[in-house]
Amino acid sequence: MRPVLAIAQRELRAYFGAPMGWVVMAAFMAFAGYFFWAAIALAGIGEMRMWFSNTTIILIILLPALTMRLIAEERQRGTIEVLMTSPVTDTQAILGKFLGAFAFYAVMLLLTIQFPVTLARLGTPDRGPFYSGYLGMLLFGGTFLAVGIFISTTTKSQVVAYVGTMFVLLFLWLLSWAGMGDAWWQKLLQYVSIPTHLDEFAKGLIDTRDVFYYVSFIGGMLFLSVRALAAWKWR
Amino acid sequence: MVEVKDLTKYYGEYAAIEGVSFKVEKGEILGFLGPNAAGKTTTMRIIAGFMPPTSGTATVAGTDVVRDSVEARRKLGYLPEQVPLYDDMSVREYLGFCAKVRGVARDKQAERVDTVMEATRVTEYADSLILKLSKGFRQRVGIAQALVHDPPLLILDEPTVGLDPRQIVEVRELIRGLRGEHTVILSTHILPEVQVVCDRVVIINEGKIAAIDTPEALTARLRRSQQVRLDVRGPRKDVAEALRTLPGARGVTDEDAGDGVFRFTLEADPDKDLREIAASTGVKHGWGLREMSSVAMSLEDVYIHLTTTDSGAAPANAKAPTDGAAREVTE
Ligand SMILES: Nc1ncnc2c1ncn2[C@@H]1O[C@H](COP(=O)(O)OP(=O)(O)O)[C@@H](O)[C@H]1O
Ligand SMILES: [Mg+2]
């Protein structure tokens, strides 16, 4: 566990030490702030549900920028040789990297807490959907980050990792549109697509099936990343 | 400390190393010498547990680097060829991170970092970003990184490549200072380096071991005899006979150098210098000695010899290399 935390901590600091981390955070806050303002001021909606679903869309563009460097940069610069000749398993390396990115994303989310706090000042909305919505956002972002780290493991080009991740996320997103309907295959698409599972969270319901879906999606992606890293070394 | 048995690594169809075996004793500095693309980096990466071999085994202090990879990696520090470090960290932060990842106890981490910074003399740059360091200091931080968890084995891949002459001397001194306390494997394609730094040499060429010995013994091995070349004007047969009967002489060859001058190559025991006695013999007989030189075989000759003509792995289309071509390989 210690190497995992050491790696996670290093990654987290690397985001704050490089322009990319700040750019992603600033862009996120700009969009998130706009969506909040638009919902309140323009539409007069006093709840966060719309905000959650709007904000997730910009994560397709922003989160791949966090994950693109995780393994690809190490491969490109050769630092992976030092890391992987340390007494660290492939699993620990992937887990540490993932947690570093996840922690940064959590900080980004934390900065948006001001929005529900503002709402609470303005009126007395139900608090349940805030908590469940944020939990959903965390898990939801986690799946994106897990896809991103997997793709970052398969290339040494950060650009390829970014573009590849964005397209995969976009594709997964489109699955949820194609799945609107009642046919069995549409229900299946609904189940496998990432954003559908966020709806219940945003409504204030924490369904264990949705939690299970996200957690196993993240776990599966991280597992694939570990395999991809090992395969690269064994090739 | 290290035992490498029959290591073979294929990249696709291409065998980067084949049947590489050697041992490294505790406390010694082993030089891994070979021209570019000989397979040095491949072998070191396998020993360091970075990638598995296609076949064969390697153990570090008795621990198999594939089956028990993490455990083996605890016992070694590795400096890759291009000195890849996290440029966005300061020297102190980076070494602290390495100490943590390598499992140095929490209360010892700061102390270890200070110790290795002292040992590699980078303390004055402790709080500079690694990005800003010169190549020489970067190299030292690379060595500090490999030392930070105090591993018994250090693997350094071409640690002096790309440094200026003064930095080279400093880094070599630093490595020599590790002898005894640490076992060191260092690779190089520069010959003087092994003569200056190493206790033993493994010469590798085209993926195969060409020789293993001390630098001195390797030199001696090909210098089983030393040679003296003489250009003499005189009766060819008599001169050859007179040289052959000198004490310590082993054999003489002669060739016509034109103008009544003959070139004799006198082979003698390595510990005898026959130049003076050969000269006085010539004077005694009244032969004209035109020129005389001693043809000593240096380790460089041994190296060139082993990595060209003697390799046995030479591709079928390779013709016997000329001296010039052979020298090119070593640069
Ligand atoms: N990752 C790789 N993929 C394919 N071929 C490689 C790879 N690494 C090294 N090689 C080849 O294997 C041979 C040995 O390389 P290397 O071990 O780096 O030699 P050295 O370190 O002695 O210069 C070279 O011909 C090199 O081109
Ligand atoms: Mg090399």
Side-chain angles (χ1 to χ4, degrees), chain A residues 1-23 66 68-97 99-100 104 153 156 158 226-235, chain B residues 9-12 41 44-54 60 63 65-66 68-90 93-94 96-106 109 129-131 141-142 145-146 148-149 151 153 155 157:
Chain A
M1 199 60 199
R2 269 220 305 170
V4 174
L5 293 181
I7 293 167
Q9 195 186 1
R10 193 207 96 76
E11 293 305 326
L12 184 58
R13 290 186 60 169
Y15 286 124
F16 285 110
M20 185 54 87
W22 293 106
V23 168
L66 292 185
M68 65 182 190
R69 49 175 284 275
L70 288 177
I71 304 291
E73 188 185 31
E74 294 250 4
R75 274 178 60 174
Q76 194 253 322
R77 314 208 33 196
T79 46
I80 195 155
E81 273 193 66
V82 177
L83 183 63
M84 297 320 295
T85 53
S86 299
V88 174
T89 63
D90 297 349
T91 309
Q92 288 172 329
I94 294 290
L95 218 53
K97 296 266 174 186
L99 285 181
F104 188 78
T153 311
K156 63 177 174 181
Q158 294 192 57
V226 172
R227 301 314 302 232
L229 181 60
W232 171 70
K233 292 196 295 175
W234 280 77
R235 111 217 97 102
Chain B
K9 174 77 189 182
Y10 279 88
Y11 293 113
T41 299
M44 297 183 115
R45 279 179 174 169
I46 293 170
I47 302 173
F50 179 63
M51 62 184 186
T54 308
V60 174
T63 310
V65 300
V66 178
D68 225 347
S69 183
V70 171
E71 204 44 51
R73 282 183 257 157
R74 275 185 219 293
K75 301 175 185 171
L76 61 89
Y78 175 53
L79 174 63
E81 196 167 350
Q82 308 297 335
V83 200
L85 309 172
Y86 293 134
D87 289 335
D88 56 336
M89 297 174 101
S90 75
E93 278 171 353
Y94 177 63
F97 166 74
C98 291
K100 235 184 277 177
V101 162
R102 311 264 171 81
V104 175
R106 196 178 303 254
Q109 285 167 6
L129 284 188
I130 291 176
L131 184 70
V141 175
Q145 159 276 127
V148 75
H149 52 306
L153 173 67
I155 302 176
D157 197 356

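Not measured: the values here are computed from a predicted model. Just so we're on the same page: letters track the sequence lines, and every chain starts at 1.
Between the side chains of A:E73 and B:Y86, no donor-acceptor pair of N or O atoms lies under 3.5 Å.
Of the two parts of A:L5, neither the backbone nor the side chain holds a non-hydrogen atom closer than 4.5 Å to a non-hydrogen atom of chain B. For a residue to count as touching a neighbouring chain, one of its non-hydrogen atoms must lie under 4.5 Å from one of that chain's; by this rule A:Q92 does not touch chain B. Interface residue B:R45: only side-chain heavy atoms are found under 4.5 Å from chain A. Heavy atoms of B:Q145 lying under 4.5 Å from chain A belong exclusively to its side chain. Contact of A:R2 with chain B is made through the side chain alone, with heavy-atom distances under 4.5 Å.
Distance check: B:H149 NE2 to A:S86 OG gives 7.0 Å after rounding to the nearest 0.5 Å. Atoms CE and OG1, on B:M44 and A:T85 in that order, are 12.0 Å from each other to the nearest 0.5 Å. Rounded to the nearest 0.5 angstrom, A:M84 CE and B:R73 CZ are separated by 5.5 Å.
The 12-atom threshold is not exceeded at CZ of A:R13, counting heavy atoms of other residues, nucleotides or ligands nearer than 6.0 Å.
When the candidates B:L76, B:T54, B:D87 are compared by the number of heavy-atom contacts under 4.5 Å with chain A, B:D87 comes out ahead. In terms of heavy-atom pairs under 4.5 Å with chain A, the best-connected choice from B:E81, B:Q82, B:M89, B:M51 is B:M89.
Salt bridge annotation for B:E93-A:R10: absent, with no cationic side-chain nitrogen under 4.0 angstrom from a carboxylate oxygen.
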